[in-house]
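Heads up, the thing below is written out as structure tokens.
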Amino acid sequence: MKEFFIALQFLTRINIVTQTVWTEKDFGESVKFFPAVGAVLGIIYSAVIVILFKIMPDANIFIGAIGFCTAIILTGAIHCDGLADSADGLFSGRDKNKILEIMKDSRAGSFGVVSLVLVAVLNISALAELAKISVEWICMAIYSAPIIGRFAMVYVIKKFPYARPAGIGKAFSIYATKKIFLFALVETFLFLLPIILLSEKIFSVSMAALIIAIIFAECAGNFTTEKIGGVTGDIYGAIEILAETFTIIIFLLAVSA
């Protein structure tokens with residue numbers, strides 16, 4: 001369980017057991033528990049939504065906003081930071097070395113700010129629309145999204161080379177073996193499987209969202225590999241939050257069809 005608590009501590013602000021000493025191998029192998037961390041977050045998000053529905057059942061936009069803000073607070077905006085840095089670098093029109101330099105800069109540029117605004121608007125509006133339709137649909141969307149998003153991270157970690165000679169995400173790339181990838185895949189499916197008890201249709205939507213997230217991760221990984229020779233920690237985060245956003249949108253499209 002040590003790797004699970006490392007993953008939880010790294011990806012969230014939830015420190016059930018604070019890990020202060022670990023090896024690079026421990027840190028790298030914690031990637032297999034990324035979907036489990038997503039499940040923990042998804043349960044919390046869903047609980048928040050249910051409470052809000054009981055207090056103010058008609059405040060759809062507010063419910064959508066709080067749902068998105070809860071994710072930002074519990075993750076410390078780590079994936080938003082990755083998205084902003086990735087957008088600034090990848091769309092700068094510069095060469096590989098300059099792109100990597102821009103991505104390392106903690107300051108947010110215009111592409112980064114715009115990307116964050118677009119993701120916030122899409123998430124809040126999609127969640128608000130789901131809230132109008134059904135508490136079950138919004139809860140399952142906001143439960144599934146962090147699980148699927150973090151498996152998308154595992155996919156690019158395993159599939160694509162790390163673009164920098166060193167970095168915080170390098171250990172993930174080194175220790176993400178085929179065994180760990182398969183562990184994460186089965187784990188993702190098992191955490192999504194209980195949805196079938198609520199609705200077979202919602203479960204099928206979550207499976208479709210998972211497949212689409214994998215396709216997106218493949219395309220994004222190929223794009224960044226062509227640009228900078230691989231992926232980075234920032235790109236891991238960008239792919240995660242975009243996969244989450246796409247998942248919520250897919251749920252909205254499915255229920256609206």
Side-chain angles (χ1 to χ4, degrees), residues 6-7 9-12 22-32 34 37-38 71-72 75-123 148-178 180-181 184 212-246:
I6 291 173
Q9 183 175 319
F10 177 68
L11 295 177
T12 76
W22 63 67
T23 65
E24 182 184 63
K25 186 173 184 289
D26 292 333
F27 186 67
E29 291 186 350
S30 71
V31 70
K32 66 184 175 184
F34 281 11
V37 172
I72 299 301
T75 61
I78 185 173
H79 307 306
C80 290
D81 181 64
L83 175 64
D85 289 343
S86 297
D88 281 335
L90 293 172
F91 298 108
S92 65
R94 307 296 183 85
D95 60 27
K96 172 186 173 179
N97 291 333
K98 188 61 178 178
I99 289 173
L100 290 172
E101 183 182 332
I102 292 171
M103 290 170 65
K104 199 170 183 179
D105 191 335
S106 60
R107 295 170 296 180
S110 56
F111 284 112
V113 172
V114 169
S115 67
L116 291 176
V117 170
L118 289 176
V119 163
V121 169
L122 288 171
N123 271 274
I148 292 171
R150 279 154 188 81
F151 179 73
M153 287 179 71
V154 177
Y155 184 89
V156 293
I157 288 169
K158 176 65 181 76
K159 178 71 185 292
F160 299 97
Y162 198 72
R164 298 182 189 276
I168 196 168
K170 182 73 172 179
F172 295 145
S173 181
I174 293 172
Y175 292 101
T177 62
K178 183 179 179 180
I180 284 177
F181 174 79
I212 292 170
I214 292 171
I215 294 171
F216 162 69
E218 174 72 19
C219 293
N222 283 323
F223 173 75
T224 60
T225 300
E226 184 178 335
K227 282 273 189 180
I228 59 173
V231 292
T232 67
D234 285 324
I235 291 168
Y236 296 159
I239 287 173
E240 194 287 326
I241 195 168
L242 289 174
E244 277 200 45
T245 303
F246 294 153

Item to complete: Look at the aromatic rings of F111 and F91 and report parallel, tilted or perpendicular, splitting at 30° and 60°.
Response: tilted
Worksheet item: Which heavy-atom pair separates D88 from G112 by the least distance, and what is that distance?
Response: OD1-N, 2.7 Å
Discussion item. Check the orientation of F151 and F181. Use parallel for under 30°, tilted for 30 to 60°, and perpendicular for over 60°.
Written reply: tilted
Discussion item. Does either side chain, that of N222 or that of T225, offer a donor lying less than 3.5 Å from an acceptor on the other one?
Written reply: no
Practice prompt. Spell out, as yes or no, whether a donor-acceptor pair under 3.5 Å connects the side chain of R164 to the backbone of G169.
Written response: no
Discussion item. Tell me whether the rings of Y162 and Y236 are parallel (<30°), tilted (30 to 60°) or perpendicular (>60°).
Written reply: tilted
Fill in: Gap separating the CD atom of E218 from the NZ atom of K159, nearest 0.5 angstrom
3.0 Å
Discussion item. Any non-hydrogen side-chain atom of I235 less than 4.5 Å from a side-chain atom of I228?
Written reply: yes
Item to complete: For the residue pair N123 and T245, confirm or rule out a side-chain donor-acceptor distance under 3.5 Å.
Response: yes
Item to complete: Considering non-hydrogen atoms only, spot the tightest contact between S115 and A84 and give its length.
Response: OG-CA, 4.0 Å
Fill in: Nearest non-hydrogen partners of I239 and A217, listed with the distance
CG2-CB, 4.3 Å
Worksheet item: Salt bridge check: are K104 and E101 linked by an N-O gap of less than 4.0 Å?
Response: no
Practice prompt. Mind listing the closest non-hydrogen atom pair of H79 and L11 along with its distance?
Written response: CE1-CD2, 4.0 Å
Response to the item:
Smallest heavy-atom separation, L83 atom then V119 atom, equals CD2-CG2, 3.5 Å
Response to the item:
In terms of heavy-atom contacts, T224 and G230 come closest through OG1-O, 3.2 Å
Worksheet item: Do F172 and F27 have their ring centres less than 6.0 Å from each other?
Response: yes
